[in-house]
Amino acid sequence: MDRVCVIGAGSSGIAACQVLGARGIEFDCYETGSEIGGNWRYLNDNGMSSAYRSLHINTSRQMMEFKSFPMPSHLPAYPSHFQIAEYFDDFVKHHGFRDRIRFRTEVTSVAVAPGGYLVTTRDRDTGAETALTYRSVIVANGHHWSPRMPEPAFPGSFDGEEMHAHFYKTPERFAGKKVLVLGIGNSACDIAVESSRVSARTFLAMRRGAHIMPKYLFGMPTDHLTTSPLARFAPGWLQALSLGLMLRLARGKVSDYGLPEPSHGILGAHPTVSDDLLTRLGHGDITVKPNVERLDGSGVVFADGSREDVDVIVYCTGYRVEFPFLDPTEFTAVSSPDNEVSLYRRVVDPAHPGLYFLGLIQPLGAIMPLAEAQAEWVADLVSGRGALPPVPEMKAEITTYRERLRRKYVKSKRHTLEVDFLGYQRELLRERRTWVRSDRVV
Ligand SMILES: NC(=O)C1=CN([C@@H]2O[C@H](COP(=O)(O)OP(=O)(O)OC[C@H]3O[C@@H](n4cnc5c(N)ncnc54)[C@H](OP(=O)(O)O)[C@@H]3O)[C@@H](O)[C@H]2O)C=CC1
């Protein structure tokens, strides 16, 4: 069987390596940095980690662990990035494939070539370039590393410091300053909370409200409730209703804390998870504002006409889906500036079979076990156990998925990759079973 190329040794890349290795499929994995872990490697020298010093995952340990190597039970319910990176190191050690990862090797181009894809790499230390053809390429370079600034940019000019959340590491730089944090996603909440402990003032501005999920509900990690056997098979509307009721009982309305009430349903947006935000709001240490209307020299004017002096603006405005090694005119399925991707089962571009995108999804839960499930699906295809349906069928599936997204989620560039954590795993498994039944096993 042909050797497979894996791009990236973050959580999805190592999931791919493990599955390929277990199936006896040879592979080369290229990683720009000196270590595995991707986003979860704090200060990763590949320059692509958005982790800050205090980052803890916001899904529980049981939700994020790889099936093939459960997280040790001595770890807390919500491990830190240090613990997660160590777990990934142990995962690779346990499965014994570290020697097949080429560290400090950047993939600079993947181009269509006879027999597959020509993958060009550059050794970061020597600058030496190598080009090899692979029939199958697994792209696992992550989608939370290329900062997206407000689009269009706010009018006016600002005299202070502007930064994107990607570059935020620790709060000391905010000491004694007036800080404006923009957005109401997970980065914004964590950074506003940290800033509020040291800054002179912290403003949190947003263009819409959000349902803030606590990490714990009734003494257990919230996602243990949302993936409980009862929730597993309940229809979406019942899940939303029961979660909404539980939140209302446990902590009231978000407007009780000064946040705008969201106009969308509780499962209509990627979840913002924070236990600390509501307390900091209750302490009066964070001031809530509507969106920025314009920058105004030493300050900012907000949509309600109010103006505040500000020293630093932190744009927690999300990330671009980007593949610097793919020519956007050839690989149009993943080159939309609005993060729209057109992939069969969120993995395959119908125009480029043999090229697989892993972890290019956003679940209400963690990516790792889903990347593992995707890797099994891909390994079936690579080994000939499975086969892709005809192109029109793949395109129809993509259209159906995008229509479902449009119906379910608030229109936003952050909701183009959403998948249902349990439903998506079932979907992949179902298709793998049909492959076995239809006797495609070789
Ligand atoms: N502890 C953890 O595990 C953490 C996980 N993460 C994850 O990382 C990913 C990225 O999160 P995050 O960095 O928060 O980014 P997100 O894309 O999730 O959120 C971006 C936020 O910025 C807002 N926004 C975007 N453009 C504008 C604009 N022009 N004006 C005003 N507001 C704007 C969005 O609003 P709108 O909804 O209207 O588009 C949204 O509130 C997510 O998957 C998140 O869950 C992040 C931090 C911590």
Side-chain angles (χ1 to χ4, degrees), residues 10-11 38-40 42 48-61 63-64 77-81 83-84 142-155 163-169 180-194 203-213 215 221-223 259-260 262-264 268-277 288-295 300 302-303 313-321 338-339 359-368 370 409-419 421:
S11 56
N39 221 356
W40 292 98
Y42 181 56
M48 284 185 266
S49 171
S50 300
Y52 29 88
R53 173 68 182 74
S54 67
L55 180 71
H56 285 246
I57 195 159
N58 58 20
T59 53
S60 68
R61 168 164 60 78
M63 184 74 130
M64 71 147 285
Y78 293 97
S80 71
H81 58 79
Q83 291 166 320
I84 292 172
H143 57 92
H144 289 141
W145 58 269
S146 174
R148 184 184 288 283
M149 295 296 272
E151 291 159 346
F154 295 122
M163 63 182 283
H164 189 275
H166 172 71
F167 300 101
Y168 171 77
K169 298 298 163 205
L180 166 62
V181 178
L182 181 66
I184 187 71
N186 289 302
S187 300
C189 291
D190 280 356
I191 294 173
V193 163
E194 291 214 322
F203 303 98
L204 179 62
M206 64 209 72
R207 64 181 173 188
R208 73 174 98 242
H211 300 274
I212 307 295
M213 307 261 186
K215 281 192 163 167
T222 307
D223 56 32
L259 288 167
S263 55
H264 55 268
H270 186 68
T272 300
V273 183
S274 177
D275 278 341
D276 297 338
L277 179 72
V288 176
K289 288 283 179 184
N291 204 6
V292 172
E293 187 172 277
R294 68 188 148 87
L295 307 177
V300 160
F302 296 93
I313 304 177
V314 191
Y315 294 103
C316 303
T317 42
Y319 291 87
R320 290 174 178 286
V321 171
D338 293 335
N339 285 4
L360 190 52
I361 44 175
Q362 184 123 283
L364 201 167
I367 291 181
M368 299 77 179
L370 299 193
Y409 295 98
V410 165
K411 187 171 161 37
S412 164
K413 287 167 191 152
R414 69 198 284 247
H415 292 145
T416 56
L417 308 175
E418 294 290 322
V419 293
F421 184 77

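Atoms within a ligand are numbered from 1 in the order they appear, just like the ligands themselves.
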Student check: side-chain heavy atoms of [X] and [Y] closer than 4.5 Å:
X      : Y      : value
Gln83  : Tyr78  : no
Leu180 : Val292 : yes
Thr416 : Tyr409 : no
Met368 : Ile57  : yes
Ser187 : Tyr168 : no
Thr272 : Leu277 : no
Thr59  : Val273 : no

Under 4.0 Å from a heavy atom of [X]: give me the atoms of ligand 1 that qualify, with their elements.
X      : value
Ile184 : 41 (O)
Pro150 : 29 (N)
Asn291 : 30 (N), 31 (C)
Arg414 : 16 (P), 17 (O), 18 (O), 19 (O), 37 (O), 39 (O), 40 (C)
His56  : 1 (N), 2 (C), 3 (O)
Ser412 : 36 (P), 37 (O), 39 (O)

As a check for students: among [options], identify the option with a heavy atom nearest to [atom].
atom                    : options                        : result
atom 35 (O) of ligand 1 : Met206, His415, Arg207, Lys215 : Arg207
atom 13 (O) of ligand 1 : Gly183, Ala51, Ser187          : Ser187
atom 15 (O) of ligand 1 : Gly185, Gly318, Ser274, Ala303 : Gly318

Among all protein heavy atoms, pick the one closest to [atom] and tell me residue, atom and distance.
atom                    : answer
atom 42 (C) of ligand 1 : His270 NE2, 3.8 Å
atom 4 (C) of ligand 1  : Asn58 ND2, 3.6 Å
atom 45 (O) of ligand 1 : Asn186 ND2, 2.8 Å
atom 43 (O) of ligand 1 : Gln362 OE1, 2.8 Å

Q.
For His264 and His211, take the angle between the two ring planes, folded into 0 to 90°, and tell me which bin it lands in: parallel under 30, tilted 30 to 60, perpendicular over 60.
A. perpendicular

Report the part of [X] in contact with ligand 1, treating N, CA, C, O as backbone and CB onward as side chain, heavy atoms under 4.0 Å; options are side chain, backbone, both, neither.
X      : result
Thr59  : neither
Arg148 : neither
Val292 : neither

Mind checking whether [X] has an N or O less than 3.5 Å away from an N or O of ligand 1?
X      : result
Ala188 : no
Trp40  : no
Lys413 : no

Q.
Centre-to-centre under 6.0 Å for His81 and Tyr42, is that the case here?
A. yes

(Q) For Tyr52, state whether at least one heavy atom is located under 4.0 Å from any atom of ligand 1. (A) yes

Q. Applying a strict 4.0 Å limit to heavy atoms, is Cys316 in contact with ligand 1?
A.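 True for this residue.
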
**Q.** Short N-O contact, Arg53 and Glu194, less than 4.0 angstrom
**A.** no

Q: Can you confirm whether something in the protein, heavy atoms only, sits under 4.0 Å from atom 27 (C) of ligand 1?
A: yes

Q: Among Arg320, Lys413, Arg414, find the one that has a salt bridge (Lys or Arg N to Asp or Glu O under 4.0 Å) with Asp338.
A: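 So, applying the salt bridge (Lys or Arg N to Asp or Glu O under 4.0 Å) to Asp338 and each of Arg320, Lys413, Arg414, only Lys413 qualifies.
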
Q: Over all heavy atoms of both residues, which pair between Ile212 and Leu259 is shortest? Give the atoms and the distance, please.
A: CG1-CD1, 3.9 Å

Q) Where is the tightest heavy-atom contact between Trp145 and Met48, given as atom of each residue plus distance? A)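 So the minimum-distance heavy-atom pair works out to CB-O, 3.2 Å.
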
